[in-house]
Amino acid sequence: MTEMMRLGSLLRLARDTIANPREGAETVLSFAPPRQALALMFALVVVLSILIGEVVLLVSPPTDEGPLTGASPMAMGAVQAMFLYLMIHAIHLVGRFFGGTGAFEEAALLVIWLQAIFLLVQVIQLFAVALMPPLLGTITILALVLFVWLLVNFIAVLHGFTSLGMVFVMTVMGGFTILFFLSLTLTLLGLVPDPGAAP
């Protein structure tokens, strides 16, 4: 566990995970941190993601579009934490429904690691915004493809599945479930504008 927390080791593991998601997931699962450590890691990736996201917004051209435009960092943090929390539960419960064997703590660890990898992607996006704005759209699309690819492989390793096609279908099902509850959460937080309201 101590070895994993070193920056150089984390960067190498992130590189290896992108190159071989299954081996990366197995390596991460072998650390098996306690629940208290998982909670701290969860909070850390959310806070770092919000901080990097705020810097990206500062250097990006202003926009009036999107339900979260103008939302406070606290609200953004709450939404991101809710999204990750729902993702962990969806990966655990949907996988179990299809006969998977992964534990909740293992699902949490893999989601935290996935988010940690995408902190690096956010840094790349930050440099793209500052230095090469035309590449930002391409980087975002590639990041989405990478996210799905890593997630599908992580779920397969977590639950012992061999068919990536079946896992992809499960991921889509879980994604719709997460979007539904996230939309409900955004509405309750007042972050989704009323369609009938005047602009």
What's the verdict on side-chain contact (heavy atoms from CB on, under 4.5 Å) for Leu86 and Met82, showing C-alpha distance, side-chain angles and the deciding distance? CA-CA 6 Å; Leu86 290 173; Met82 178 62 70; 4.0 Å; yes
When you look at Phe104 and Arg35, which way does the side-chain contact (heavy atoms from CB on, under 4.5 Å) test go after all the steps? CA-CA 10 Å; Phe104 176 82; Arg35 275 211 171 199; 3.5 Å; yes
Could you walk me through whether Phe147 and Val121 pass the side-chain contact (heavy atoms from CB on, under 4.5 Å) test, one step at a time? CA-CA 10 Å; Phe147 177 85; Val121 174; over 6 Å; no
Stepwise side-chain contact (heavy atoms from CB on, under 4.5 Å) check, Asp16 with Asn20: CA-CA 6 Å; Asp16 294 342; Asn20 192 327; over 6 Å; no
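Nearest heavy-atom pair across Gly53 and Gln122 is N-NE2, 3.8 Å. In plain terms, the two heavy atoms of Leu29 and Leu109 that are nearest each other are CA-CD2, 4.0 Å. Smallest separation of non-hydrogen atoms from Ser163 and Met166: OG-N, 3.2 Å. Across all non-hydrogen atoms, the minimal contact from Phe161 to Phe98 is CE2-O, 3.7 Å. Annotation for Trp113 and Leu10: closest pair CH2-O, 3.5 Å, computed over non-hydrogen atoms. For the pair Val46 and Ala81, the tightest heavy-atom approach, listed with the atom from each and the gap, is CG2-CA, 4.2 Å.
Hydrophobic clustering (ILVMFWY, side-chain heavy atoms < 4.5 Å, transitive): Phe97 and Val152 are in one cluster. Cluster annotation: Val148 is connected to Leu114 through the hydrophobic network of ILVMFWY side chains, with a link wherever side-chain heavy atoms come within less than 4.5 Å. One hydrophobic cluster holds both Leu158 and Val172 under the rule that ILVMFWY side chains link at heavy-atom gaps under 4.5 Å. Hydrophobic clustering (side-chain heavy atoms under 4.5 Å, transitive across Ile, Leu, Val, Met, Phe, Trp, Tyr) groups Val169 together with Met87.
Distance CD1/Ile124 to CD1/Ile52: 11.0 Å, rounded to 0.5 Å. The CD1 atom of Ile155 sits 12.5 Å away from the NE2 atom of His92 when rounded to the nearest 0.5 Å. Note that the OG1 atom of Thr17 and the CG atom of Leu146 stand 10.5 Å from one another [nearest 0.5 Å]. Here OG1 of Thr171 is found 12.0 Å from CZ of Phe154. Values are rounded to the nearest 0.5 Å.
A donor-acceptor pair under 3.5 Å is absent between the side-chain atoms of Gln115 and the main chain of Ile112, judged by distance alone.
In this structure, Glu106 and Leu110 have side chains that are not in contact, with every pair of non-hydrogen atoms separated by 4.5 Å or more. When side chains are defined from C-beta on, Thr140 does not count as touching Leu144, because their heavy atoms never get closer than 4.5 Å. Residues Trp149 and Asn153 meet the side-chain proximity criterion, which asks for heavy atoms closer than 4.5 Å. At least one side-chain heavy atom of Ile91 sits under 4.5 Å from a side-chain heavy atom of Leu151. Proximity of Leu11 to Leu120: side-chain heavy atoms (C-beta onward) are separated by under 4.5 Å at one or more points.
Annotation: Phe127, atom CZ; neighbour count of heavy atoms from other residues, nucleotides and ligands within 6.0 Å does not exceed 12.
Leu44 pairs in a side chain to side chain contact (heavy atoms under 4.5 Å, CB included) with only one of the listed residues (Val47, Leu40, Leu48), which is Leu48.
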